[in-house]
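Heads up: the structure comes next, in structure tokens.
Worth saying up front: this structure is predicted, and the values here are computed from it rather than measured. Note on naming: letters A, B, ... go to the chains in the order of the sequence lines (proteins, then strands), and numbering restarts at 1 for each one.
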There are 2 protein chains.
Amino acid sequence: MVKILGGYQTDFARNWLKEGVSIVEAFKECVNGALESSHLNARDIETIHVGNAAAELFLSQGHLGALSIEADPSLRGLPSARHEAACASGSVAALAASAELEAGRYDVALVIGIEQMKTVDPQKCGEFLGTAAWYEKEAKGIEFPFPKLFGQLGVAYMDRFGLDHGYYSECQSYLSDLMFNNARLNKNAQARNWDISNMSDKLTARISPEITVKDCSQITDGAVAIIIASDKFTSQYAKTRGFDLESIPTILGWGHTTAPIALSDKLSESENDTYVLPHARRAITDAYRRAGIAGHSSIDSYEFHDCFTTTSYASIDLVGLTKPGDNHLAIEKGWIEKDGLLPLNPSGGLIGAGHPVGATGVRQLLDSYLQVSERAGPYQTQLKNKKVLAVNIGGSGTTTVATVIGTGKT
Amino acid sequence: MVKILGGYQTDFARNWLKEGVSIVEAFKECVNGALESSHLNARDIETIHVGNAAAELFLSQGHLGALSIEADPSLRGLPSARHEAACASGSVAALAASAELEAGRYDVALVIGIEQMKTVDPQKCGEFLGTAAWYEKEAKGIEFPFPKLFGQLGVAYMDRFGLDHGYYSECQSYLSDLMFNNARLNKNAQARNWDISNMSDKLTARISPEITVKDCSQITDGAVAIIIASDKFTSQYAKTRGFDLESIPTILGWGHTTAPIALSDKLSESENDTYVLPHARRAITDAYRRAGIAGHSSIDSYEFHDCFTTTSYASIDLVGLTKPGDNHLAIEKGWIEKDGLLPLNPSGGLIGAGHPVGATGVRQLLDSYLQVSERAGPYQTQLKNKKVLAVNIGGSGTTTVATVIGTGKT
């Protein structure tokens, strides 16, 4: 099975344009950091996979796989590619890399997730992100299409499970506050120093009937790199360096599904289903199955793609913590808090830690690595099963990639 | 080893915008065509990989992996991703798909290459394609950056190998004419019906000192899909349908390299190298090595990425047909003509058949499939070794993917 040897995240609170930092410098920072964290040299890397959603739009720069080799002269000549599945781009890059290792093509892969978004104003950013929906049907001419689409996900939960709007809003506010609180402990989180109590004017601004600014992840610049390796390489690597092989995190299982891209098609398809997002649910159960675990009771925490609070609300039944629709019970009982039954996003998630869209999937894998190897520092959660789940979503619940990462005997 | 079961190409002479054809309809056409060609049903597909360079720019549409499942209701739920390496996007999609099959994740993969480019005027198109170079250094504010960059590739050949500009221009003109002639036999080629003799005003227009319109592949709309499968699936598939297993084309070997993205960095790096593009050469020799063949003498024809005539000129030494710099000898001797020693682009290549950028790599694999299985019809070349080579290039010789495809005992 594929191992994670280390990784690095840039500080998601930064603004690269204001700092005068180029995307090449961001590549250098995350690649050098990941190499150092992994005790490896650039010459050890054999293949490079970059997750990025929309640098063509934000920077007029495509071909980011190739551009990434500028990070270190030793990377020249290596195979590279960029992978995209909207906000799940980081995860599809990781899946492509791990497939190459499992196929025996290479032994060591560099996986980078990167997005520079603060090059444009929020309206333009909303327009660019609209390309992740069905543009002609769902985004063209609409200001902030995604907050509106994810508002409709909230409506679907309220309608199907008979939830009162006021009560659902309170749940949303709780989820957002939880993320801001978790983020305070994460030195790379975008919102770690935000004084939420003095930001109410900004945060309560309404984008759709169900979504205020507080319900949204914010525009973020960020780059994350992880280094993954084959079993063969990792055995030798651990031996040479005197590391305990069982302490090195393993990708135990994954799931990957695609729902119809239009939210209206998703919702009409799932109308008689137990789950509002059955394809996302299946990606998660596929990951559990491949990891050889029964379900959420075998994981210690989960990193879930809370692009909006309506998504973190949905996460609760999708991972199996409650029955479909009973999500609010987990909120009432504090189950998803940092010291609860199944902590959600100890990192702060997308709302607290930030959401540089193409980087998020790789950031989730890095945070999962940090948790299961007890390297998460102030935001470390308690380990019982030594397994965590990461769920990365692209579009309005369209592409879902779920990954179970663990340490111990495999 | 991975097999190719069939595929389909849209007519590259079409203009989808003028026809009112949406990208979803283009997906449908190529997917249905590939299924029919492969004698398979959409329910047989297990994973989907889309190669696309820049739909965010041409169509304001990203997330094409997800959008592709609109081609058939049976594709709903399947894993999907979009892959990009500029004009080598189709090949990196195919590599990602074949890695998944080799890793044992799935048995049948749908690989689609697609690009709709005729939504903008040529200037805008040139600007969009400039994102495949190092935008800040090589493309920003420059009209038609790529013809100019590939003109410099010609200069490097002339300078290093002491070629006269006039003679080199004649070689370029020969290469272009050869592609237009080959294209006449290909019912899907963009230029098949062009009356070249009456287009001299247009074709002789100069873009850079070394490049006229005649030296360039043209703006193209196109979609291509192939279906690839594991050995296990293919054995059963051939048995059930009464097909000869040895007649089903196999991906025998591949190579994949990345040179520095800036052309000036490539050329200064290779100044003392035998080859002008050593990384492209290595992708090709890696493909030969993995296919277990000594070199070009074991292949029957080759599909090479002639985005410009300077690239097809370079192809001659890169594949090994002549010593580096002696490329003109192959031209003088007619070696790369349709009935020559080693035919170049019997399909018409990018200049004759068209270059919908993200689709080209998949189109080359499809044409290789057609050649080795003797299905190429009017543009079929003679088979001795039952092996062909496809070389797909992204950027100014930046990403190179080479693939050897063959039939017979493997």
| task | Can you tell which part of B/A66 gets under 4.5 Å to a heavy atom of chain A, answering side chain, backbone, both or neither? | result | both
| field | Side chain / backbone / both / neither for B/V401 at chain A, heavy atoms under 4.5 Å | value | neither
| message | Between B/A53 and chain A, with a heavy-atom cut-off of 4.5 Å, which part of the residue counts as in contact: side chain, backbone, both or neither? | response | backbone
| query | With a 4.5 angstrom heavy-atom cut-off, which part of B/A133 approaches chain A: side chain, backbone, both or neither? | reply | backbone
| note | When the 4.5 angstrom heavy-atom criterion is applied to B/S98 and chain A, the contacting part is both
| request: Let me know if B/L59 has heavy atoms under 4.5 Å from chain A in its side chain, its backbone, both or neither. | output: backbone
| request: Let me see the working for A/K124 and A/E127 under salt bridge (Lys or Arg N to Asp or Glu O under 4.0 Å), right down to the final yes or no. | output: CA-CA 5 Å; A/K124 192 51 118 177; A/E127 190 188 315; 3.6 Å; yes
| note | Whatever's closer than 4.5 Å to a heavy atom in chain A on B/H83 counts as both
| remark: On a heavy-atom basis, the closest approach of B/N392 and B/S91 is OD1-OG, 2.7 Å
| note | Under 4.5 Å to a heavy atom of chain A? For B/R282 that would be side chain
| said: Quick check: do B/C307 and B/F146 have side-chain heavy atoms less than 4.5 Å from each other? | reply: no
| task | Sort A/A86 into side chain, backbone, both or neither according to what part of it lies under 4.5 angstrom from a heavy atom of chain B. | result | both
| field | Contact origin within B/L101 toward chain A - heavy atom pairs under 4.5 Å | value | neither
| request: Give, as side chain, backbone, both or neither, the part of B/E56 having an atom under 4.5 angstrom from any heavy atom of chain A. | output: both
| Engaged part of B/I69 at the chain A interface, taking heavy atoms whose separation is under 4.5 Å | side chain
